[in-house]
Amino acid sequence: MSNITIKPFLRLSGLEPLVVRPETNFVNVGERTNVTGSKKFARLIRDNQYEEALSVARQQVESGAQVLDVNMDDAMLEGISAMTTFMNLIQSEPDIAKIPIMIDSSKFEIIQAGLKCVQGRCIVNSISMKEGEEKFIEQAIICKDFGAAVIVMAFDEVGQADTKKRKVEICQRAYKILTEKVGFDPQDIIFDPNIFAIATGIEEHNNYAVDFIEATREIKQLMPLTKVSGGVSNVSFSFRGNDHVREAIHAVFLYHAINAGMDMGIVNAGQLVVYDEIEPVLKQLCEDVILNRNNDNNEATEKLIVHAETVKAKGKVEVKDEAWRNDTVEKRLSHSLVNGITEYIEADTEEARQKYPTPLEVIEGPLMDGMGIVGDLFGAGKMFLPQVVKSARVMKKSVAVLTPFIEAEKEQRKQAHLAAGTTNSEAAGNAKILLATVKGDVHDIGKNIVGVVLGCNGYDIVDLGVMVPSDKILEAAQKENADIIGLSGLITPSLDEMVHIAKEMKRRGMKQPLMIGGATTSRIHTAVKIAPEYDLGVVHVLDASRSVTVAGSLLSKDQKTDFLSGVKEEYIQLKTGFDNRKPVKSYLTYPEALQNKVKINWEEHTTATPAFTGTKVFADFELSILRPYIDWKPFFITWEMHGNFPAILTDEVVGTEATKLYNDANALLDKIIAEKWLTAKGTIGFWEAGSTGDDLEVRTENEIVNLSFLRQQVKKAPGQPNLSLADFIAPKASGKKDFIGAFAVTLHGIEEHIQKFETAHDDYNKIMLQALADRFAEAFAEALHLQTRKEFWGYDKDEHLTNEDLIKEQYNGIRPAPGYPACPDHTEKYKLFDLLKATETIGIQLTESLAMYPASSVCGWYFSNPQSQYFGVGKIQRDQLDDYARRKNMTIELAEKWLSPVLE
């Protein structure tokens with residue numbers, strides 16, 4: 001019998017084998033079945049349209065993908081379930097399952113879920129040494145046991161490799177571990193030496209492509225049986241939205257990287273262009289940027305950027321000039337409104353005033369025509385919220401020019417009527433909408449945006465501000481003869497106040513329809529709790545873009561009746577379904593749940609002792625230190641622009657406007673910091689603590705404070721605990737010393753600057769300032785938590801995390817906030833504030849609904865235990881409610897009020 005030698009090639013398979021030999025051409029890994037890389041695929045998965053999502057996979061195979069990358073890393077998805085479902089569906093589709101799968105996730109538990117479903121021999125993307133060798137070896141062993149090849153990121157405990165030297169060093173170290181300690185065959189190892197974006201304008205980034213190409217060359221020389229891969233689209237990130245230029249960059253980059261030894265890459269298989277078919281000028285510019293030549297002082301980068309501006313959608317030329325200034329004054333006004341240009345608005349408005357018989361006709365004519373175009377574009381999704389707010393700024397500045405003349409004409413008419421002894425009857429004007437943030441709630445950014453958008457569509461807005469009692473809202477609505485009342489709220493107690501206002505409107509016999517909005521509101525709550533209390537129209541409005549359509553329908557004589565009938569019928573169905581819903585979850589009794597707590601070996605665990613006990617105050621924390629900690633994603637969500645940062649800056653749809661918004665925000669940040677507009681105040685504290693059931697006994701210098709927490713009661717799978725925050729503090733009976741921490745941070749000084757922007761009719765910068773103040777508060781919380789882990793408590797002194805890691809909460813320990821899912825009872829804020837003396841030391845006030853003022857404030861607890869985690873309590877049962885009320889010495893009625901969101 002002859003010996004058969006199996007040559008050391010990378011062997012993969014779906015239903016069909018894929019052997020990667022030296023002579024094999026570049027292996028295309030299809031990238032579109034990735035929720036972070038394809039908007040269409042992400043939407044289909046989020047909407048549970050898995051069958052339709054298979055069409056994306058099929059298109060990748062048909063376009064030439066030889067391996068299919070599947071990624072389900074999205075904050076709104078249950079990643080394990082999504083990966084399992086989609087992988088199982090793929091296996092039943094032979095035309096897709098014929099090629100190997102690349103299971104892609106930054107969470108290893110999701111990778112494991114995929115490994116359990118996949119058939120054939122797959123690739124795991126990825127593992128790395130960022131959490132140390134021990135974790136790396138553990139994950140590598142699991143991959144090997146499943147028979148998978150692995151992609152190893154050039155990422156170690158220090159961070160991602162960005163130079164050739166670091167890329168090669170990390171890959172060599174990983175190779176040695178995998179081959180000598182884990183037993184991997186070299187041909188089953190695929191290195192990803194990190195492809196980073198070039199042409200960013202930052203000089204340090206200019207050599208990133210060269211570093212990857214040269215690192216690839218050396219890796220293939222040192223470890224010839226291994227493979228090299230990478231995410232190709234990263235390299236052109238700076239040109240997101242300009243597919244023509246991006247495709248050229250990809251082709252040029254791949255030409256050089258493949259020649260250096262790159263074996264495979266994650267690409268859109270349907271959008272690869274031929275290197276030789278790229279137009280010569282563009283190819284030359286791409287070569288210069290990718291190879292970092294002729295690039296002193298970013299010269300090559302600037303040339304490519306300039307050329308890219310002229311090239312859009314396969315060579316369309318974009319012309320920029322000010323020819324519009326030669327148009328009629330009406331067209332100039334319209335152009336300024338649509339494009340948010342304030343530069344000429346005062347002169348153009350004055351020209352129009354002199355042309356039209358009255359100043360009011362300027363508003364009712366060209367200005368409202370221009371705002372009509374803005375409204376139409378916004379409604380069609382061709383303008384985005386930041387542009388609309390800029391348009392509103394232009395409109396207000398124009399109206400401000402005309403207002404003195406309008407008032408003077410009114411006075412003349414009044415005097416004329418007095419002299420003649422006749423009655424002065426002014427026109428009723430536009431429909432009037434009254435807006436207010438309800439009593440106890442201080443958040444008004446969303447309400448302000450709705451007001452601006454509605455104002456842009458010709459409605460008169462009466463904004464009563466924040467923390468407005470129900471009597472004031474309803475009396476103002478009657479006094480102002482409002483056509484619609486709009487209520488806003490961010491915190492859960494605001495929902496009860498909205499119910500109360502609906503009841504009051506019915507009791508007073510009011511006629512206005514009621515619009516409900518805000519982060520804490522929902523269609524189902526409006527249908528179940530608010531709408532039944534008022535018969536003349538209650539409508540939930542999801543966001544500012546929907547408010548115009550809803551208001552228009554409510555104020556239209558032709559549409560109102562049918563619109564409200566449809567909404568009422570829909571809400572009755574929602575309420576009936578809610579009332580008749582069958583329990584889909586089983587629950588434990590509270591004693592049973594209490595027995596199923598998190599298992600922590602307290603005998604072997606020792607909690608680090610904080611550097612101090614008691615409190616520490618930060619009276620004026622430097623804003624420039626906080627700036628790098630800003631999480632920009634929620635900032636863009638405030639402006640109703642959804643997407644991950646920084647990808648949103650080059651998004652094909654919103655990228656241009658997102659970039660403008662980002663640049664404006666940073667310009668304002670520069671001013672805020674340089675001129676000290678805001679003062680960041682914070683306080684932290686640490687105290688000894690021990691748990692008894694779901695209570696914590698916190699020992700201060702002068703007293704013992706009891707904190708009370710809630711526990712999950714839903715029945716879990718075997719081995720899964722019913723979590724409570726109390727589980728993460730050592731039991732008092734154990735005798736082990738443990739600690740709990742707390743923090744509160746706030747930004748003071750915003751009111752003066754908000755007033756200035758209001759006076760200048762500048763809603764854009766007013767909303768921008770409010771949004772940035774909120775981001776500063778969250779950044780302050782992030783920065784203090786980091787200092788707590790490394791210094792003040794010191795339980796993770798060697799932590800090395802990027803800002804992206806911090807945003808993804810990849811640190812040890814947690815900082816849950818009262819009123820949020822892990823501890824949904826807002827009343828525990830009283831204890832937190834008493835422990836920190838937060839009102840006395842840093843000036844945060846608690847409203848009667850337990851919102852914090854100033855609005856840009858954050859507070860929470862610190863837990864250090866390595867097993868602590870964020871979670872949601874979910875629904876609780878009556879037995880826990882009774883026990884909780886007893887533990888807190890609270891009446892059942894009061895407990896029901898504050899815990900209503902979690903009561904089954």
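In summary, Arg332 and Asp348 engage in a salt bridge, as defined by a charged side-chain N under 4.0 Å from a carboxylate O. A salt bridge does not link Lys397 with Glu346: none of the charged nitrogens is closer than 4.0 Å to a carboxylate oxygen. Using a 4.0 Å cut-off between a side-chain N of Lys or Arg and a carboxylate O of Asp or Glu, Asp369 and Lys331 do not qualify as a salt bridge. Using a 4.0 Å cut-off between charged nitrogen and carboxylate oxygen, Lys681 and Asp620 do not count as a salt-bridge pair. For Lys303 and Asp288, the salt-bridge test fails: no basic side-chain N is under 4.0 Å from an acidic carboxylate O. Look at Asp73 and Lys107 and you find no salt bridge, because none of the NZ, NE, NH1 or NH2 atoms lies under 4.0 Å from a carboxylate O.
Here the closest non-hydrogen pair linking Phe237 and Ala647 is CZ-CA, 3.1 Å. Across every non-hydrogen atom of Ala771 and Trp639, the tightest pair is CB-NE1, 4.4 Å. Taking every heavy atom of both residues into account, His205 and Ala197 meet most closely at CB-O, 3.9 Å. Scanning all heavy atoms of the two residues, the minimum distance from Val56 to Phe41 falls at CB-CD1, 4.1 Å. Minimum heavy-atom separation, Leu678 to Gly749: CD2-C, 3.9 Å.
No donor-acceptor distance shorter than 3.5 angstrom exists from the side chain of Asp763 to the backbone of Arg393, with no hydrogens or angles considered. Remark: the backbone N or O of Val394 is not paired with any side-chain donor or acceptor of Ser398 at under 3.5 angstrom. Ser857 places no side-chain N or O within donor-acceptor distance of the main-chain N or O of Tyr853, the cut-off being under 3.5 Å. At least one donor-acceptor pair closer than 3.5 Å links the side chain of Asn803 to the backbone N or O of Pro628. The main-chain N or O of Ile844 is never found under 3.5 Å from a side-chain atom of Thr746 such that the two would form a donor-acceptor pair.
Taken to the nearest 0.5 Å, the CD1 atom of Ile305 stands 13.0 Å off from the NE2 atom of His307. Expressed to the nearest 0.5 Å, how far OG1 of Thr342 lies from OH of Tyr764 amounts to 11.5 Å. Atom-to-atom distance recorded for Asp664:CG and Asn765:CG is 7.5 Å, nearest 0.5 angstrom. The structure places CG of Asn644 at 4.0 Å from NZ of Lys633, a figure rounded to the nearest 0.5 Å. In this structure, CD1 on Ile673 lies 4.5 Å from CZ on Arg627, to the nearest 0.5 angstrom. Going from atom CD1 of Ile341 over to atom OG of Ser391 covers 10.0 Å, rounded to the nearest 0.5 Å.
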### Message
Under the criterion side-chain hydrogen bond (donor to acceptor under 3.5 Å, both in side chains), I'd like the reasoning laid out for Thr521 against His540: C-alpha separation, chi angles, the key distance, then a yes or no.
### Response
CA-CA 8 Å; Thr521 65; His540 178 254; 3.1 Å; yes

#### Entry: Verdict with reasoning, Trp677 to Phe776, per ring pair (Phe, Tyr, Trp, His ring centres under 6.0 Å)
CA-CA 12 Å; Trp677 285 15; Phe776 263 134; over 10 Å; no

### Task
List the steps and the verdict of side chain to side chain contact (heavy atoms under 4.5 Å, CB included) for Thr679 and Leu747.
CA-CA 6 Å; Thr679 302; Leu747 275 297; over 6 Å; no

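Residues satisfying the ring-ring contact (aromatic ring centres under 6.0 Å, His included) criterion with Phe253, sequence neighbours excluded, are Phe212. With sequence neighbours excluded, the residues satisfying side-chain contact (heavy atoms from CB on, under 4.5 Å) with Ser236 are Arg246, Ile249, His250. Applying the ring-ring contact (aromatic ring centres under 6.0 Å, His included) criterion to Phe196, with sequence neighbours excluded, gives Tyr208.
Residues Asn663 and Asn666 have side chains that never bring a donor and an acceptor to within less than 3.5 angstrom of each other. Side chain to side chain, Arg815 and His785 meet the donor-acceptor criterion of an N or O pair below 3.5 Å. Side chain to side chain, Thr802 and Glu804 fail the donor-acceptor criterion of an N or O pair below 3.5 Å.
Side-chain contact check for Ile198 versus Asn206: every heavy-atom pair is 4.5 Å or farther apart. Using a 4.5 Å heavy-atom threshold, the side chains of Gln755 and Glu758 count as touching. A heavy-atom distance below 4.5 Å is found between the side chains of Ile637 and His642. Looking at heavy atoms from C-beta onward, Val462 lies out of side-chain contact with Leu435 at the 4.5 angstrom threshold. A heavy-atom distance below 4.5 Å is found between the side chains of Met641 and Leu661. Side-chain contact between Leu626 and Leu623 is present, with heavy atoms from C-beta onward closer than 4.5 Å. Side chains of Leu495 and His525 form a contact here, defined as non-hydrogen atoms less than 4.5 Å apart. Side-chain contact check for Val401 versus Val399: every heavy-atom pair is 4.5 Å or farther apart.
The 12-atom threshold is exceeded at NZ of Lys39, counting heavy atoms of other residues, nucleotides or ligands nearer than 6.0 Å. Around the OH atom of Tyr870, the shell of radius 6.0 Å holds more than 12 heavy atoms that belong to other residues, nucleotides or ligands.
The aromatic rings of Phe645 and Tyr662 sit tilted, their planes meeting at an angle between 30° and 60°.
In this structure, the ring of Phe635 has its center less than 6.0 angstrom from the ring center of Trp632.
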